[in-house]
Amino acid sequence: MRIKNAPTNLVEADMTPMIDMVFQLVAFFMIVTNFDQQQADERVQLPAEAMARPRAVAVKLDLVLNVGFERNEDGSLKNPDAQLYFPGEDSLDARYCRDRIIQEAQVARLRDQLKDTVVSIRADADVPTGIIQKLIQMCQEQGYSKFALKARAGDGP
């Protein structure tokens, strides 16, 4: 007795909607993901340093101080005085920002987070070292004890 081989009807799923969903998810996560630039400011041009590397462990409490200059489109300085930038706020002269640092320290004290907060200083490559030293001194006067200086990876001097 002969058995007929019936043609098998293969049903293939349409992958087009799946591919669309994957691209939508990728786009969503690219927009939502924090790339550690949340408190970065484009007016601050970090110095290049060959030994610069990302932190091995993420910091939970971070006070970011962006110090830079107002620049023209050609890169020249509009104002020779270094400015301190906070996200969504007007700039402050970096030499006279003591009140803002006191305010940040008071909030950290109220939350009992002062000793655990790391002050990350993102300074433009052209900011004089003396201004950075004054910022660190102002922070130390308020009780901050942990500091990190930011640089971008590069060839260095």
Side-chain angles (χ1 to χ4, degrees), residues 1-79 82-94 97 100-127 132 135-136 139 142 144-157:
M1 175 163 127
R2 291 191 117 177
I3 300 176
K4 288 186 176 180
N5 289 339
T8 57
N9 294 332
L10 294 176
V11 178
E12 293 184 23
D14 184 14
M15 294 301 292
T16 305
M18 180 72 75
I19 293 170
D20 289 344
M21 286 298 297
V22 168
F23 282 123
Q24 287 181 6
L25 286 171
V26 168
F28 172 77
F29 286 116
M30 286 178 63
I31 292 170
V32 173
T33 302
N34 179 0
F35 289 105
D36 197 28
Q37 297 295 320
Q38 180 180 11
Q39 297 188 11
D41 196 297
E42 67 276 356
R43 294 171 285 198
V44 177
Q45 298 174 1
L46 293 178
E49 176 55 48
M51 294 177 58
R53 65 189 187 314
R55 289 183 177 139
V57 179
V59 175
K60 292 180 184 174
L61 304 170
D62 203 10
L63 171 61
V64 179
L65 301 178
N66 289 298
V67 186
F69 296 100
E70 296 285 334
R71 295 183 185 270
N72 295 316
E73 290 181 18
D74 64 352
S76 62
L77 300 180
K78 284 184 183 177
N79 182 354
Q83 302 291 309
L84 187 64
Y85 303 108
F86 286 96
E89 296 181 22
D90 291 334
S91 60
L92 301 167
D93 190 313
C97 61
R100 179 58 196 260
I101 292 174
I102 291 171
Q103 182 183 18
E104 292 288 337
Q106 288 172 341
V107 171
R109 269 192 211 94
L110 287 173
R111 296 179 180 168
D112 197 30
Q113 299 173 338
L114 189 64
K115 64 179 184 204
D116 297 326
T117 301
V118 175
V119 178
S120 297
I121 299 175
R122 299 182 76 254
D124 191 289
D126 296 328
V127 172
I132 303 305
L135 279 174
I136 292 173
C139 291
Q142 297 308 312
Y144 290 106
S145 59
K146 298 177 183 176
F147 296 90
L149 298 174
K150 301 289 185 168
R152 63 181 164 85
D155 298 332

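A quick note: this is a predicted structure, and the numbers were derived from the prediction, not measured.
- In this structure, Arg109 and Gln142 have side chains that are in contact, with non-hydrogen atoms separated by less than 4.5 Å.
- Of the candidates Ile31, Val26, Leu25, Phe29 forms a side chain to side chain contact (heavy atoms under 4.5 Å, CB included) with just one, namely Leu25.
- Expressed to the nearest 0.5 Å, how far CE of Met15 lies from CE of Met21 amounts to 12.5 Å.
- Using a 4.5 Å cut-off on side-chain heavy atoms (C-beta onward), Lys146 and Asp116 make contact.
- Atoms CD and OH, on Glu70 and Tyr85 in that order, are 4.0 Å from each other to the nearest 0.5 Å.
- Contact annotation: the side chain of Arg71 approaches that of Asp126 to within less than 4.5 Å [non-hydrogen atoms, C-beta and beyond].
- Among all heavy-atom pairs drawn from Ile101 and Leu135, the shortest one is CD1-CD2, 3.9 Å.
- Looking at Leu149, Val67, Val64 one by one, the single match for side chain to side chain contact (heavy atoms under 4.5 Å, CB included) with Arg122 turns out to be Val64.
- Taking each heavy atom of Thr117 and Ala108 in turn, the nearest pair found is OG1-CB, 4.5 Å.
- The two residues Gly68 and Asp124 have their closest heavy-atom pair at CA-CB, 3.7 Å.
- By the neighbour-count criterion of 12 heavy atoms within 6.0 Å, atom CG of Asp112 is sparsely surrounded, having that number or fewer from other residues, nucleotides or ligands.
- Between atom CG of residue Leu65 and atom CZ of residue Arg100 there is a gap of 9.0 Å, rounded to the nearest 0.5 Å.
- Phe69 is listed as a side-chain neighbour of Val127, based on a closest heavy-atom distance under 4.5 Å.
- Here the side chains of Tyr144 and Leu114 are in contact, with some heavy-atom distance below 4.5 Å.
- Between Ser91 and Gln83 the shortest heavy-atom distance is OG-OE1, 3.2 Å.
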